[in-house]
Visitor: 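Encoded as C-alpha cells, here's the structure I'll be asking about.
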Amino acid sequence: MHKPIKYAEKAFTYAANAAWVVFDKLNAINRNPSFTPKWSDKPLLKSWEKTKPTLGWPRETDSLCPKCVPEARREILDGKKDWKDLLHTKVGEIKAQIVERDGKILMVKECPVHGKFEDVMSIDPAFFKHLEEVFPGRDIRAHNDSKLHNHGTSTITHGRGSVLTVDLTNRCNMMCDPCFMDANQVGFVHELSWDDIKQLLDNAVSIKPRRQMSVQFSGGEPTLSPYFLDAVRYARKVGYTSVQAATNGIEFAKSPEFARQAAEAGLRYLYLQFDGIGNAANSHRAVGNLFDVKLRAIENAWSAGIDIVPVTTIVNGVNNEQVGRIIQFALDNPKKIPFLSFQPVSFTGRDEEVTDERRKAQRYTLSHLAHDVKNQMGIGEPVRDWFPISFMSTFSDWSDLTHGPEATWGQLSCGCHPNCGIGMGVMVDKETKEAVAVTAFLNADQLAKDVAKVNDAARGKWLSILGMALAVTRNYDPFMSPKHFKMMDLLKKFDKTFGATGKSYGKVDGTRTRADIDKRRNDRWNFLFIAGMWFQDLFNYDFRRTEQCIIPYATQEGEISFCAYNTGIGWRNIIEKMHMTATLTKWYNEHGRHEIFAGGKAVKMASASHSMLLREEIVTKERQKDLDNLGIAKTAREEKIRARDAKMAENDAENAKMMRLYRKHVLKEPENVEFVPINTIAPAKPAAKSEEKEVGSFGD
C-alpha cells in the first residue's frame, strides 16, 4: 500500500507533463544563441553541434599491434630511436574491426608481421548498442592547449577532462598483481619534486576549456611522497574543489593523525583500492591483513571528514564473485560509502605479456559488470538502468547554462567515449537501508532529451531551472521510488549536485569547514553511484577513445590520455625514464629502503577496530579458485614461474636426449643400458672408523 503522498505526487506528474507541453512549445520559439563562458574561448554547444565518432558495428577504427608496440617502445628506451618520432609517425598502428559474432562484440585486427588478434568487447550486443545510442556527443573541442596536448596520434582533442591524475611517485609499499604501472619493478625512481608538482597544477588551469576537474594524486602509492599533504593543499589553493588520493590505504589505516592532516589539507575523497570482502578475497595482493587495513582506513578517513570511494579491479576468475558482496557492503553502510568504482582488468604494466590463455580466461568487460550486478544483487536491468558516464554531460551543460557566462570554472563533464565507462544510480535510504535503482522511478532517457531542449533554448538561469523542474517531475514515477522518498527529495538532489539555485548544502570549495562536511552528510538519501571504468590495453585499443579522454595524466611532457599513458605506445615508460629521479641503487643509498608489504606480510596497526556493518555471510573465507580448477595462471608472476619451469623441463629433456645419442654413437653402448644421472648415485658406505672421522671434520 502506497503512502497518500505518493498519489498526490502522481497527480502532480500529470500536471507537470501538461505544463511541459506548453513550456516546450514556447521555449522552442526564437531560441537564444549560446554564450561563451569565462572558462572557455568557445561557446557552449547546442545538442546538434556535438560531434560523435563512428559508432555501431561493423565499424573500422585505429588500433595498435600488441607485439609491435613493446618492440618499438624498447627501442626508444634503449636509445635506438628518438621518442619524438611518436609525434610524427604512427608507431605500431594497425586497423581494427569491431564486429558481432556468436552473440558477442569483438575487436579483430591483423598485423602484417605478427598476425591476427581478437578480443571481447561485450558479451551483450543489446547492452553495447544501448550505450552507444544514448551517447550525447563529444564535449567542446580543446583549444589554447598546444603546450600540453601535443602527442601525435595520442593527443587529446575534445573536452578538458574531469579527473586530472598526478603521479607523485612510482614507489609503492605493495607489490600487486595486477599493476598497470609496474610499481617497484622498473629499476629506477621517478618522483616529482615540489617545483614539478606546482608546475603541473599551474599548467592544468592555464588551458581551455577549463572544467571543474578533480585532481587525483596517484602513484605508486602517493602517500609515500614527502610532498603529499603539500600537494593536496596547493591543489585546493589553485581552485580544485575535489582532491582525491588513489591509495591502498595503508598510511591512513596506520595513523588517524595522518588522516586528520590530509582532511585539513583539503583531501575530499579516498579513492581506496578495495578488491573484495574479507582477507581471503584480497589475498591475491599478498598482504596478510589487507581487508582489515581497508576497514581501518575507511574508519580513520571518514572520521576525519574524508569521503570514501572503494575502487575494485575486477579480474574474471579472481574476484568477479565479489561484485555483489561489495555492493551489499556499500548498501549496509550508506552513510560512509557514496560511490563505488569497478575497473575491469587492463592487461598492461606487469600483465602486458599475458598469455592468450590467461587473457581469454580473465577478460572482464563492462557488460560482465552490468550482468553480475543484476545476477548477484538483483539490482538493475542492464539496458534500462545503466548508461555511459558521458550521459551526464547533458546535465552538466544545463549546470553551465544556469551558472552563466561569468563562471570561472565549468561544471564537471564526463564526456568520454561510450565504450569507456558506465554508471548506475541507486537511491538508498540511510535509515531503513531500502535501495532502488534511480532509473526504475525516473525515465532517464526521456529526461535527457527534455533537458537537451532546455539547454538548446538557452533562456537563462531561472527559466532553465523551471524547465529542469518540469522535466524531472514529468519523468518521475512516485510509485516506483523508495517508500519514504518524495519528489522534493529528488529535486533537492539535482540542486545539491549542480548548485543551480545557490542554496547552500555545505560548501565544497577551499573555504569548507567540518560543519560544511557534516551538513552535506546530513541527508537521509544516499545517491550511491555504481560506476564501471574500463581502461584499454593493447588488445582492445581504440584511438577514438583516447581522443576524448576525461582522465588525463599531468606529466613533464604535457597531459596525456590515461590509456595512452599506461598502455598505447607506453608514454609512462618513456617519460618516467626521461625524467627519472635516480637509479634504485642511488636512491637507496641516499634515502634508504621504504617498507614493502608483500609475501603475506601483515600491516601493523595501533587498532583494527571499526564501526562498519559487516555481515558474516558476505565475508569471503576462501579465495576464488576458478582458474585453479582450469589450470590457468592467475598472475604475471605465476606465468613467468610456469614458463621458467617448462623451459627447465625442456632443457632437461634435451640434455637427456643428447646424452643418449652420445652414449650410443660415441661410446658405442647398447641402447637398452639405463642411464643413471650422477647426482642420484648413492656414495659407498665407508668403514665405521672413517665415517666418524668424516662427520667430525665436516662439523669442524
Visitor: In terms of ring plane angle, is the pair F562 and Y553 parallel, tilted or perpendicular, where the classes change at 30° and 60°?
Guide: tilted
Visitor: So that I know where these two stand, are F339 and F527 an aromatic pair - ring centroids less than 6.0 Å apart?
Guide: no
Visitor: Under 3.5 Å, is there a donor-acceptor pair between the side chain of T473 and the main chain of L470?
Guide: no
Visitor: Determine yes or no for a side-chain-to-main-chain donor-acceptor pair under 3.5 angstrom, with N455 supplying the side chain and T394 the backbone.
Guide: yes
Visitor: For the pair T555 (side chain) and G558 (backbone), establish whether a donor and an acceptor sit closer than 3.5 Å, ignoring hydrogens and angles.
Guide: yes
Visitor: Is it true that E93 and T153 share a donor-acceptor pair across their side chains at a distance under 3.5 Å?
Guide: yes
Visitor: Take atom NZ of K492 as the centre, draw a 6.0 Å sphere, and report whether it contains more than 12 heavy atoms from other residues, nucleotides or ligands.
Guide: no
Visitor: If we ignore angles and hydrogens, is there a donor and acceptor under 3.5 Å between the side chains of H371 and N375?
Guide: no
Visitor: Kindly check if the number of other-residue, nucleotide or ligand heavy atoms within 6.0 Å of CG (N30) is above 12?
Guide: no
Visitor: Do the side chain of E49 and the main chain of K46 share a donor and acceptor less than 3.5 angstrom apart?
Guide: yes
Visitor: Set out, in order, the CA-CA distance, both residues' side-chain angles and the distance that settles ring pair (Phe, Tyr, Trp, His ring centres under 6.0 Å) for W409 and Y240, then state yes or no.
Guide: CA-CA 9 Å; W409 290 78; Y240 296 110; 5.2 Å; yes
Visitor: Just checking K104: does its NZ atom have more than 12 heavy atoms from other residues, nucleotides or ligands closer to it than 6.0 angstrom?
Guide: no
Visitor: Salt bridge or not for K129 and E132, using N-O below 4.0 Å?
Guide: no
Visitor: Please determine whether the number of non-hydrogen atoms from other residues, nucleotides or ligands lying under 6.0 Å from atom NZ of K52 exceeds 12.
Guide: yes
Visitor: Any donor-acceptor pair under 3.5 Å linking the side-chain atoms of S47 with those of D456?
Guide: yes
Visitor: Classify the ring geometry between F395 and F494 as parallel (under 30°), tilted (30 to 60°) or perpendicular (over 60°).
Guide: tilted
Visitor: With distance as the sole test, does Q536 use its side chain to make a donor-acceptor pair with the main-chain N or O of D542 at under 3.5 Å?
Guide: yes
Visitor: What's the separation between atom OG1 in T51 and atom CG in L45, rounded to the nearest 0.5 Å?
Guide: 8.0 Å
Visitor: Count the heavy atoms of every other residue, nucleotide or ligand shown that sit under 6.0 Å from CZ of F12, and state whether that count exceeds 12.
Guide: no
Visitor: Output yes when a side-chain donor or acceptor of K496 lies under 3.5 Å from a complementary backbone atom of D523, and no otherwise.
Guide: no
Visitor: Whether the D124 and S122 side chains hold a donor-acceptor pair (N or O, under 3.5 Å, no angle test) is what I'd like checked.
Guide: no
Visitor: Does K461, at its NZ atom, have more than 12 non-hydrogen atoms belonging to other residues, nucleotides or ligands within less than 6.0 Å?
Guide: yes
Visitor: May I ask you to check whether K109 and S63 show a side-chain donor-acceptor distance below 3.5 Å?
Guide: yes
Visitor: Please answer whether the main-chain N or O of G499 pairs with a side-chain N or O of H403 as donor and acceptor at a distance below 3.5 Å.
Guide: yes
Visitor: Taking the side chain as every heavy atom from C-beta outward, state whether V215 and R236 have any atom pair closer than 4.5 Å.
Guide: no
Visitor: I'd like to know if the side chain of H143 and the backbone of D41 have a donor-acceptor N/O pair within less than 3.5 Å.
Guide: yes
Visitor: Do the charged groups of D489 and K486 touch, with an N to O distance under 4.0 Å?
Guide: yes
Visitor: Should the pair R521-D307 be classified as a salt bridge under the 4.0 Å nitrogen-to-oxygen rule?
Guide: yes
